[in-house]
Amino acid sequence: MNEFARPRLLIIDGHSMAFRAFFALPADKFVTSGGAHTNAVHGFINMLVSLITQEKPTHIGVAFDAGSHTFRTDEYPEYKGGRDATPEEFKGQVPLLKDVLASMNIKFLDKDMFEADDILATWAAEATANDMEVLVCSGDRDAFQLVNEHVTVLYPVKGVSELKRYTPEAVEEKYGVRPENYPDLAALTGETADNIPGVPGVGPKTAAKWITQFGSLEAILDGADTIKGKVGDNLRAHLDQVRRNRQINRLLTDVDLAIGVLDLGMAPWDREAMNEIFDVLEFRTLRERLFKLMPAGEVEGSAVQTPDIELDVTIFDSEHTVLDWLDAAGPDPVSVVVEGTQTPYGGSAWTVALGSTGDRVGVARLDELSDANTVALRDWLANQQAPKVVHNVKGVWHALNRFSGGIRGVRFDVELGAYLAHPDQRTYGLDVLAERYLFTSLAPTETSGQGEFDLGLEDDSQNQRLALQASAVLKLEALLRTELRERNSLSLIEDLELPLADVLASMEHDGVAIDTQHLRGLEGFFAQEAETAANEAYEAIGRKVNLGSPKQLQEVLFDQLDMPKTRKTKTGYTTDAAALSDLFEKTQHPFLKHLLSYRDVTKLKQTVETLLKSVTPDDRIHTTFQQTVAATGRLSSTDPNLQNIPVRSEMGRRIREAFIVGEGYETLITADYSQIEMRIMAHLSGDDSLIAAFKAGEDLHNYVGSRVFNVSTDEVTPEMRSKVKAMSYGLAYGLTDFGLSKQLKVSVSEARTLMEDYFERFGGVSRYLHEVVEQARVDGYTETILGRRRYLPDLTSDNRQRRENAERVALNAPIQGSAADIIKIAMIRVDKRLREENLESRLLLQIHDELLIEAASGEIEEVEAILREEMSGAMELSVPLSVSVGRGRNWHEAGH
DNA sequence: GGGGGGACGTA
DNA sequence: CGTACGTCCCCCCA
């Protein structure tokens, strides 16, 4: 909690990136109804959004060229000469781009006689002196000279959507010289784009060889006489040229700039100004994408009226102190709304708004806050005893992590509350909840000054929006608390989801350590395997096709090769793995075999590449656990999804080797529940035979097999075992005789017989499954062991397909949901024990029935004991909860 | 660039 | 005609 990430500065060469964007996006597709071209702006802002999301900068600056006349052209008039005239369609876009940046409060700068690159170089130097991490986004290769341990250049590969990271290693790998020698290399080879000729016959290879050999450009020029052959002659003939090149491509790091890096901190966006400029540009989706980066977006085009509330807004300063305001708020919970980025590891806050009863609102702009107010606010946010209400506690925790080490004392989260009340809604954004429950919009009322550049009014409208949010959170709490209390579900939020959110926030913040070298190795290997498989597939059919295109595959399979048709889909016939295997059995055509292995290996390659992209500078991956998405109560994992890392195939498991124990820790531990869903089934159904099976402690499927097939447990054949295993697993999904027959590849009648025999032996299970559906039809919802509900209106639908689907959902929801309840309890208890016993070991991941833990040295035995104890003891069922534990240097080894 | 569809990874 | 997810690619449209 005390670990403060270093500030991260993102600086962008505005001209070069906008120009790249201009050529990357089709000009004729981005024209406003007024005829203005917008493709460069669109591409640039889109790139900016990606960079903000992925790189999580705390500071941003954009540099532009001031004009074509610079100190370089003074010295060398031909510099950048011979270029085509700037296209008309581009010229008008730079002012528009600047308008967008201004609305986002992103500073931009140009300086007479200097190029954007010199500004970037100066900023980078200043930032390094201030101990910042620096990202330089530029399409000019001269920027490579800035690269060092703390400065990375992002250079566009194609268009502006894909940027390559140039670290010192990457520069060296690509050019064979260290970043500080890149300008030496460029001086020798020349730069066509800048109209700078190099030494004839000297390309990057030769130049790099010389630089390595001589150590510096000066040494090469001094030792030019020793270089033999035609290139030696050429070099000697161009000594002055090379010297001048080197002078020209040296970026200045000491330009006197009006804006310093410390002024580049991310600031609140001006929503009104953004709306205005985006209206001009006619960007709909981009605007929404951008607003999603803000804590709670407002609703557009809503018919809901903005309420006419008299809000008593205080801006905290030396006269209006945080302490006084909090004193006046009394003992009631205070709502907290944070403006900032709420992502794990890179979160930051700009503004904090507090709301209390009586529509009192206090607004703290963190960068302007006095020391006394900062201390007061920080202490209050971190005070477990000071009651608070928020929307999305986990996001708020991340945003406030650097300011106050997160947030404590949260008594209610309206997002979690709304999720528990109606778990199948799509979104629980504060704006949506305000409409749904309060029938109000959170958009601020329009001010008379709209459209004018008036700082006072902008502030007012921002304050009003924050104030509306803060007061909405308090009102929503009252409503949702009542709703949950009436159905006896208050404990679900207070004792389960809220404490869990804290645990999850820590897990996301800590992240899991990654062996990137191992991943890169796998990436190369999978890439090669994919190419081999693809070539063999092409050979088998005598032509090239896009193996990733189901449409083209259908042409190959059903037209060219005339194979039998597979299962129908909405758009044709399926080419999924099951169907392809089927076809292979029938036709033995080698194309199918190679296609299947191509699919396998490209999927793995993609997984590896996605993981590599998610690794943060601490060499860890910080996923986000979604706590309000799955209708059953499970968690999900995004950005990246770490709950679907391959485990079934040999090659896939190699990916798990890249999830390693981090520095300062000794081992990874996995702990998972065995057959938790079947155990819950046994408990909920009360089926004596099934309960006996688990109490006996022998292999479940053998036991069930012996009962179903009427043999002794040692006479159960593997075929019998796999049949009842499929049946048991399928039970919790509402499986049908048809589905079972497909899975087992037996006739429907044989599947039906198996189900009948199964249900005859385990009558309690059969009875329970029928009861669940009937009860849900009466109540309109199902419930888990902890009373988590899922509403199923389709159970009474006239449409048979909808109804039967709802019935399967009704079977599954209490089982999957109760399993989710149990592991959530376990996580809270494990985390509590680890902290109470002052252990450094920590939870990293949850994969539905499995926990991944990073154990500190000397703590392994104790941690394993805690895991077994708290997971097994999470809930008292009529069958034991069995837990198996494994350990290893990586996730693969720790698995079992 | 956005959205639908298909495919596929996990529990 | 087996539940719950997230993410990738292709393709089509704008």
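Chain A is the first sequence line, chain B the second, and so forth, proteins listed ahead of strands; every chain is numbered from 1. Please read all numbers here as calculations on a predicted model, not as lab measurements.
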Return yes if the base of [N] and the side-chain atoms of [X] contain a donor-acceptor N/O pair under 3.5 Å, otherwise no.
X	N	result
R634(A)	dA11(B)	yes
N641(A)	dG6(C)	no
Q626(A)	dG6(C)	no
K603(A)	dC8(B)	yes

Would you say [N] has OP1 or OP2 under 4.0 Å from some side-chain N or O of [X]?
X	N	value
T574(A)	dA7(B)	yes
Q606(A)	dC9(C)	yes
T638(A)	dC5(C)	no
T632(A)	dT3(C)	no
R648(A)	dA11(B)	yes
T607(A)	dC8(C)	no
K570(A)	dG5(B)	yes
T569(A)	dG6(B)	yes
T571(A)	dG6(B)	yes

Would you measure the distance from the P atom in dG5(B) across to the matching atom in dC1(C) and give it in whole Å? 16 Å
F23(A) vs F19(A) aromatic rings, parallel, tilted or perpendicular, using cut-offs 30° and 60°? perpendicular
What nucleic acid atoms does [X] come within less than 4.0 Å of, heavy atoms only: base, sugar-phosphate, or nothing?
X	answer
A819(A)	nothing
Q816(A)	base
R790(A)	sugar-phosphate
L604(A)	nothing
Q552(A)	sugar-phosphate
N805(A)	sugar-phosphate
A577(A)	sugar-phosphate

Just how far, in rounded Å, is C1' of dT3(C) from CD of E804(A)? 16 Å
Interatomic distance where CD belongs to Q643(A) and P belongs to dT7(C) [whole Å]: 11 Å
Under 6.0 Å from the six-membered ring centre of Y781(A) and within 45° of its axis: does the NZ or CZ of R789(A) meet both? yes
Heavy-atom pair of closest approach, residues G43(A) and V160(A): O-CG2, 3.7 Å
Quick one: OG1 on T566(A) to CG on L580(A), what's the gap to the nearest 0.5 Å? 8.0 Å
Return whichever of N546(A) or A732(A) has its heavy-atom-nearest nucleotide of DNA chain C closer to the 5' end. A732(A)
Do S728(A) and Y758(A) meet the criterion of a side-chain donor-acceptor pair at a distance under 3.5 Å? yes
Using modelled atom types and a 3.5 Å cut-off, is there a donor and acceptor pairing between side-chain atoms of Q643(A) and backbone atoms of Q846(A)? yes
